[in-house]
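Worth saying up front: this structure is predicted, and the values here are computed from it rather than measured. Computed over heavy atoms, backbone and side chain alike; hydrogens, waters and symmetry mates excluded.
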Amino acid sequence: MSNYLTHGRIVGGVVTTPDLNAALADYHERLGLELVDHGPLTADLAASWGCPRSAGAKTATLQPKSGAHCFIRLVEAPLPADFRPTRTYGWAAYELTVQDVFGWPGRLQGSGFDVVGPPKALEGLPYFIPMQVLGRGREMIYLNEVAENTPTSDLPKANSLTDHIFIVILATPNREATVQWYEHLLQLDVGSSYTLAYSMINNAFGLPKDHRSTITMVQKGRLPIVEVDDYPESATVRSGPEGTLPPANALVTLAVNDLDALPLEYIEAPVRRSGPVYGGRRAATVRGPAGELLELLEIGR
């Protein structure tokens with residue numbers, strides 16, 4: 001573990017995908033992430049996530065070439081026929097810091113990624129230029145080129161063409177209650193709120209282009225972590241086969257100083273785990289207020 005890991009830092013995200021080998025080609029050969037581990041999902045890890053029926057699924061773990069301690073874990077799972085991205089509560093997207101965002105549409109031609117939001121500046125948010133893609137499992141990935149820090153947060157510029165996840169987006173039925181949960185139970189800080197015409201939400205729900213949604217950043221000091229989005233009332237709970245990982249953006253891992261100091265009910269008691277993600281540290285998983293799976297990696301003991 002390096003000094004990169006501090007309380008609240010994003011350690012990674014899990015993506016479910018119907019074809020692991022094809023998705024691995026997308027993430028490794030097209031996005032340029034390095035394969036650092038692979039093999040079946042162990043029964044004890046699946047159980048700790050509350051997803052025992054996902055045990056045995058094929059997995060691959062990838063890390064940016066920058067060496068940042070942040071991983072995307074691909075887990076093979078069937079894609080429910082009725083799943084639609086950006087219409088359900090839970091983890092909605094992972095935002096990666098990248099270089100040369102305007103070159104990414106060309107780099108991804110012919111891959112399993114569909115460009116659903118070409119690179120463009122956002123109204124009222126001059127700090128980065130985002131681009132949105134959907135993967136084979138209908139996971140939403142933002143490729144963001146950082147331009148400058150915000151008044152209240154430090155945004156990381158990429159040290160490799162594709163670098164680490166620096167913000168995760170959470171869709172919730174109650175933004176204010178969710179923000180308070182992360183503030184009080186995870187000992188994080190409330191950052192700025194923005195009200196803007198959010199094309200991903202408006203397009204997904206058939207709303208007018210000028211419909212405005214409010215989002216709030218949860219951070220630690222000036223470290224951005226979770227963007228909490230208000231979703232329309234027509235959003236639904238993310239469904240999938242019982243006892244398995246949810247589809248698409250399935251689980252997020254955050255670093256915390258002390259698992260025992262947090263007033264949380266873990267799915268299973270914390271245990272030490274090996275491998276690139278855990279490095280012998282303790283980890284445990286909890287369900288958040290929007291039903292999201294949140295794994296916590298202990299770094300302070």
Side-chain angles (χ1 to χ4, degrees), residues 2-13 15 27 30-34 62-72 86 91-108 113 115-135 139-170 182 188-201 213-229 249 252-255:
S2 68
N3 293 332
Y4 173 87
L5 289 179
T6 57
H7 185 86
R9 176 76 74 172
I10 298 167
V11 180
V15 167
Y27 281 84
R30 295 306 187 101
L31 288 187
L33 301 176
E34 296 285 0
L62 300 108
Q63 183 179 20
K65 290 182 178 178
S66 69
H69 193 96
C70 185
F71 305 84
I72 290 180
T86 324
W91 298 116
Y94 306 148
E95 300 194 21
L96 279 63
T97 178
V98 303
Q99 298 171 353
D100 186 28
V101 68
F102 288 102
W104 276 105
R107 294 186 191 98
L108 296 180
F113 289 111
V115 176
V116 293
K120 71 171 184 178
L122 293 178
E123 171 202 355
L125 293 173
Y127 315 111
F128 55 85
I129 300 172
M131 169 181 166
Q132 299 89 22
V133 301
L134 284 174
E139 73 274 14
M140 182 75 76
I141 303 292
Y142 283 31
L143 305 177
N144 293 352
E145 183 173 359
V146 170
E148 60 184 274
N149 292 330
T150 79
T152 58
S153 62
D154 295 330
L155 302 183
K157 293 193 175 182
N159 291 316
S160 51
L161 192 58
T162 307
D163 209 333
H164 59 90
I165 303 171
F166 74 105
I167 293 173
V168 287
I169 300 179
L170 179 60
Y182 278 84
L188 301 177
D189 304 321
V190 180
S192 299
S193 293
Y194 305 91
T195 300
L196 69 160
Y198 206 143
S199 60
M200 288 294 104
I201 294 176
S213 300
T214 300
I215 65 176
T216 298
M217 286 303 307
V218 173
Q219 49 198 68
K220 187 63 175 177
R222 291 184 58 85
L223 174 73
I225 306 166
V226 182
E227 175 192 309
V228 182
D229 292 0
N249 302 81
V252 164
T253 304
L254 299 183

Determine whether the side chains of Asp163 and Thr97 contain a donor N or O and an acceptor N or O closer than 3.5 Å.
-> no

Report the C-alpha separation of Ile129 and Phe102 in whole Å, then their side-chain angles, then the decisive distance to 0.1 Å, and conclude whether the side chain to side chain contact (heavy atoms under 4.5 Å, CB included) test is met.
-> CA-CA 9 Å; Ile129 300 172; Phe102 288 102; 3.8 Å; yes

Side chain proximity check, Tyr182 to Leu170, heavy atoms < 4.5 angstrom | yes

Heavy-atom pair of closest approach, residues Asp189 and Gly221 = OD2-N, 2.7 Å

Results of ring-ring contact (aromatic ring centres under 6.0 Å, His included) for Tyr27 - residues two or more places apart only = Phe113

Between Lys65 and Glu34 the two heavy atoms that sit nearest each other are CE-OE2, 3.2 Å

Looking only at heavy atoms, what is the nearest atom pair of Gly117 and Met200, with distance?
-> CA-CE, 4.2 Å

Is Leu155 close to Asn149 at the side-chain level, that is, under 4.5 Å between some pair of heavy atoms?
-> yes

Which heavy-atom pair separates Ala255 from Leu5 by the least distance, and what is that distance?
-> CB-CD2, 4.4 Å

Verify, without hydrogens or angle tests, whether Gln219 (side chain) and Thr152 (backbone) share a donor-acceptor contact under 3.5 angstrom.
-> yes

Heavy-atom check, side chain of Glu139 versus side chain of Ile72, under 4.5 Å | no

Going by heavy atoms in the side chains, are Thr162 and Pro64 under 4.5 Å from each other?
-> no

Looking at CD of Gln132 and OG of Ser199, how far apart are the two atoms once the value is rounded to the nearest 0.5 Å?
-> 6.0 Å

Met131 side chain near Pro105 side chain, heavy-atom distance below 4.5 Å | yes

Find the distance between CG (Leu33) and SG (Cys70) and round it off to the nearest 0.5 Å.
-> 9.5 Å

Check whether any side-chain N or O of Arg107 sits under 3.5 Å from a backbone N or O of Leu31 as a donor-acceptor pair, and report yes or no.
-> no

Could you walk me through whether Phe128 and Val98 pass the side chain to side chain contact (heavy atoms under 4.5 Å, CB included) test, one step at a time?
-> CA-CA 10 Å; Phe128 55 85; Val98 303; over 6 Å; no

Leu188 to His7 - nearest heavy-atom pair and separation | CD2-CD2, 3.8 Å

Indicate yes or no: at least one non-hydrogen side-chain atom of Val228 is less than 4.5 angstrom from one of Ile215.
-> no

Okay, side chain of Trp104, backbone of Gln99: is any donor-acceptor separation there less than 3.5 Å?
-> yes

Side chains of Glu227 and Glu95 in contact at under 4.5 Å (non-hydrogen atoms) = yes

Derivation and outcome, side chain to side chain contact (heavy atoms under 4.5 Å, CB included), residues Ile169 and Asn249 | CA-CA 10 Å; Ile169 300 179; Asn249 302 81; over 6 Å; no

Give, for atom CD1 of Ile10 and atom CG of Leu254, the distance between the pair rounded to the nearest 0.5 Å.
-> 6.5 Å

Could you give me the CA-CA distance, side-chain angles and deciding distance for Thr86 and Met140, then say whether side chain to side chain contact (heavy atoms under 4.5 Å, CB included) is met?
-> CA-CA 8 Å; Thr86 324; Met140 182 75 76; 3.4 Å; yes

Rounded to the nearest 0.5 Å, the CD1 atom of Ile165 sits from the CZ atom of Arg9 at a distance of 12.0 Å

Heavy-atom side-chain proximity of Phe166 to Asp154 below 4.5 angstrom | no

Of all heavy-atom pairs linking Pro224 and Ser153, the shortest is CD-CB, 4.2 Å

